[in-house]
Amino acid sequence: MKKQKIHCVVVDQDVEMTASLDAALRRSDVFLELKQVASVQQLIPVLQELQPHLLFCPHDKSKPSVELLEMLQRYSPDTVLVWISRAEWQSLTTWLLGVESCTLPLNDADYFSQYIDFLLHYSAIKQDFRDCKHLLGVSELRCHWLVDYSWEAIAYISEGMHLYANSAYVSLFGFENMAEVRSMPVASLAEQTERKIFEAMSKVADASSKPSNRLLLTLRTLDGERMRAEIRFIPAVLKSRRCVQLHVRPLERNILKGVSLRKQDNPWETMEQHLQDTPPTLPVSPPVAPSTSVPTQSTPPKMTKTVMPSPINGMEMRFHKFQRLDEMMPNLYMAAPEFRQKDQLLDYSTLLKQLVTPTSRFRLDYWNLGQVVLKLSSQKSEKPDYLVFVSVGGAILNNEENLKRIIELLNAFPNTTRRIVLALQYRDCMEQMVHLGNVIKLFKAVKVRLAIDGVPDEPSVLRFMQVVKPVLVRLNAVKPERLPVWIAQLTESQCKIIISGIQDNAALNAAYSSGAAYVHDGAIT
């Protein structure tokens with residue numbers, strides 16, 4: 001590296017100080033340049049122009065030193081401030097935001113000369129360090145450009161996670177965007193049987209300063225494709241952060257298609273997008289109803305042409321039986337869609353948590369209701385005495401088009417509607433109270449029963465039930481000691497109660513003695 005020139009500035013306010021300093025500087029073998037200014041007020045343009053390494057100034061206790069430190073911090077923070085005193089001494093100290101200063105005594109000529117020599121060499125080292133940091137930044141930027149335009153698949157990784165990847169890497173593994181890259185642990189791309197080897201090499205690379213040897217492994221893309229590849233870990237820096245470059249060179253591809261990594265993470269993701277993008281109704285023949293726990297006959301009656309929900313691969317509708325407490329009530333089943341993909345099963349509650357838009361929620365519920373209609377219509381005219389509880393999201397309360405589709409579907413099968421109980425969430429009803437009256441009228445017109453789901457233990461609920469008069473009410477978790485009183489108040493509105501969340505014998509006994517009609521979710525049988 002080229003020998004650096006050390007720039008020194010002296011505030012020439014003391015003849016003796018300037019002479020002693022000049023003698024000490026001349027004895028040094030450091031390549032330097034000395035500039036003198038008459039006062040501190042003349043320093044600002046010099047600091048801005050030269051960015052000096054050392055600033056020498058007479059020490060005066062009567063004048064505050066903070067102002068000079070602040071000036072250096074603003075205009076030349078790498079400059080070392082050296083106070084020249086008669087007898088006082090202070091070692092090199094860091095002050096405001098990294099500004100360094102020290103105090104040297106003139107009465108000890110040998111010490112003064114040695115310390116001046118030390119400061120000159122120290123400044124040269126600081127300059128070399130600054131130059132190295134600058135060159136490292138330039139090198140890092142150039143390396144980043146080369147990685148971006150390289151045909152080889154390269155990713156920056158640290159502690160087992162991706163920091164960045166070039167286009168070749170993204171395309172090789174089938175990522176959709178950089179956010180998906182950063183969310184994927186690097187070891188997930190290695191075959192399960194070889195993952196420990198990959199993780200061990202990755203940990204060694206994080207602590208090493210040398211490139212690793214080449215390693216032959218089986219990797220997987222996000223679509224499940226296996227490939228033999230040669231990988232290598234190389235130390236790197238990304239945005240001043242120490243990390244490792246992972247170089248991947250595929251050698252053999254299409255080795256036994258495996259399970260998609262993306263689908264393993266969220267098998268419902270693709271189907272949810274399908275629900276958002278596909279029209280909710282299609283003029284198709286009614287599909288064969290899936291098997292449930294309710295006995296049915298195989299000969300369906302002749303059906304009129306109507307609009308039905310399109311079939312969805314992997315989706316099935318299941319009937320889950322409520323436990324009946326009131327023997328005078330008919331059997332009650334809840335229709336709940338399940339999504340199955342190979343060995344993974346997502347139940348209805350899990351599907352609802354992953355839905356992100358009201359549109360996809362409505363289409364899921366519409367599909368579920370369509371399957372219920374098909375199930376009930378496929379039975380003989382002498383139908384068994386049971387009801388089906390079907391949840392419907394709040395999208396039908398403030399969307400006339402969605403409500404119209406529901407009513408059209410129910411109108412197409414008039415013999416099934418009196419067996420269906422459509423359940424609206426209590427919070428949705430309260431938020432859309434203006435539209436609730438019209439929805440209730442339409443439900444009555446098609447002879448479908450109304451239920452209110454997710455009812456909290458609140459005094460305002462009683463007035464709501466007196467006005468709406470639902471057939472069934474499903475409660476949120478209620479304390480066992482509150483059940484008898486709360487249910488007694490609700491039954492005055494002539495609605496039957498479903499209790500959810502029964503988890504132990506004490507809660508079940510409280511439910512039996514409360515006068516509720518059904519229990520659900522974790523009931524002990």
Side-chain angles (χ1 to χ4, degrees), residues 131-267 269-270 273:
D131 291 343
C132 287
K133 285 186 65 177
H134 173 71
L135 293 175
L136 180 62
V138 173
S139 178
E140 176 192 334
L141 183 60
R142 179 176 178 274
C143 181
H144 198 60
W145 287 343
L146 293 174
V147 166
D148 277 340
Y149 291 104
S150 174
W151 290 98
E152 185 175 3
I154 303 173
Y156 290 90
I157 64 174
S158 177
E159 298 179 353
M161 296 300 295
H162 290 93
L163 302 178
Y164 180 79
N166 65 358
S167 299
Y169 189 95
V170 171
S171 300
L172 177 64
F173 289 101
F175 291 105
E176 293 183 356
N177 49 52
M178 195 53 59
E180 189 175 22
V181 174
R182 294 190 182 98
S183 66
M184 176 69 69
V186 187
S188 299
L189 302 176
E191 185 66 15
Q192 184 68 39
T193 56
E194 301 178 3
R195 192 166 294 174
K196 289 185 178 180
I197 300 175
F198 184 93
E199 290 176 339
M201 282 202 65
S202 180
K203 288 181 180 179
V204 171
D206 279 335
S208 177
S209 59
K210 296 180 180 180
S212 70
N213 295 325
R214 292 179 175 88
L215 178 66
L216 192 63
L217 285 178
T218 301
L219 303 178
R220 295 187 301 168
T221 67
L222 267 65
D223 292 328
E225 177 188 336
R226 291 183 173 91
M227 60 181 168
R228 294 294 285 175
E230 181 184 271
I231 67 171
R232 192 171 187 182
F233 298 94
I234 300 175
V237 176
L238 179 67
K239 296 181 180 178
S240 301
R241 176 179 178 179
R242 192 191 186 287
C243 59
V244 177
Q245 277 187 1
L246 172 62
H247 289 241
V248 180
R249 181 186 175 194
L251 302 176
E252 184 181 0
R253 304 190 65 168
N254 299 316
I255 307 174
L256 297 176
K257 184 82 171 182
V259 178
S260 169
L261 294 179
R262 185 178 291 112
K263 290 182 180 178
Q264 282 183 336
D265 290 340
N266 184 4
E269 181 178 1
T270 303
Q273 190 63 40

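When a residue number appears, it is its place in the shown sequence, counting from 1. Note that the coordinates shown come from a computational prediction; the quantities given were computed from them, not determined experimentally.
Minimum heavy-atom separation, Arg182 to Met161: O-CE, 3.3 Å. When all heavy atoms of Val237 and Glu140 are compared, the closest pair comes out as O-CG, 3.3 Å. Smallest separation of non-hydrogen atoms from Cys243 and Ile157: CB-O, 3.3 Å. Between Arg228 and Thr218, the closest heavy-atom pair is NH1-OG1, 2.6 Å. Scanning all heavy atoms of the two residues, the minimum distance from Ala165 to Met178 falls at O-CE, 3.2 Å. Nearest approach of Leu172 to Pro250, heavy atoms of both residues: CD1-CG, 4.0 Å.
Legend: ring-ring contact (aromatic ring centres under 6.0 Å, His included) pairs involving residues 185-222, not counting sequence neighbours, sorted by first then second residue: Phe198-Phe233.
The salt bridge (charged side-chain N to carboxylate O under 4.0 Å, His left out) search around Arg242 returns none, not counting sequence neighbours.
Here the CZ atom belonging to Arg232 is positioned 9.5 Å from the CE atom belonging to Met201, to the nearest 0.5 angstrom. Taken to the nearest 0.5 Å, the CG atom of Leu219 stands 11.5 Å off from the CD atom of Glu230. One distance of note links CG of Leu238 with NE2 of His144; it measures 6.0 Å at 0.5 Å rounding. Note that the CZ atom of Arg249 and the CD1 atom of Ile154 stand 13.0 Å from one another [nearest 0.5 Å]. The distance from atom CG of Asp206 to atom OG of Ser202, rounded to the nearest 0.5 Å, is 5.0 Å. Taken to the nearest 0.5 Å, the CG atom of Asp148 stands 10.0 Å off from the SG atom of Cys143.
Lys239 is not listed as a side-chain neighbour of Leu163, based on a closest heavy-atom distance of 4.5 Å or more. Using a 4.5 Å cut-off on side-chain heavy atoms (C-beta onward), Leu189 and His162 make contact. Proximity of Gln245 to Tyr156: side-chain heavy atoms (C-beta onward) are separated by under 4.5 Å at one or more points.
Put simply, the side chain of Arg195 gets close to the backbone of Ala187: a donor and an acceptor are under 3.5 Å apart. Ser183 contributes a side-chain N or O that, together with a main-chain N or O of Glu180, makes up a donor-acceptor pair within less than 3.5 Å. The closest donor-acceptor contact from the side chain of Glu225 to the backbone of Thr221 lies at 3.5 Å or more, if one exists at all.
The number of heavy-atom neighbours closer than 6.0 Å to CG of Asn177, taken from other residues, nucleotides and ligands shown, is above 12.
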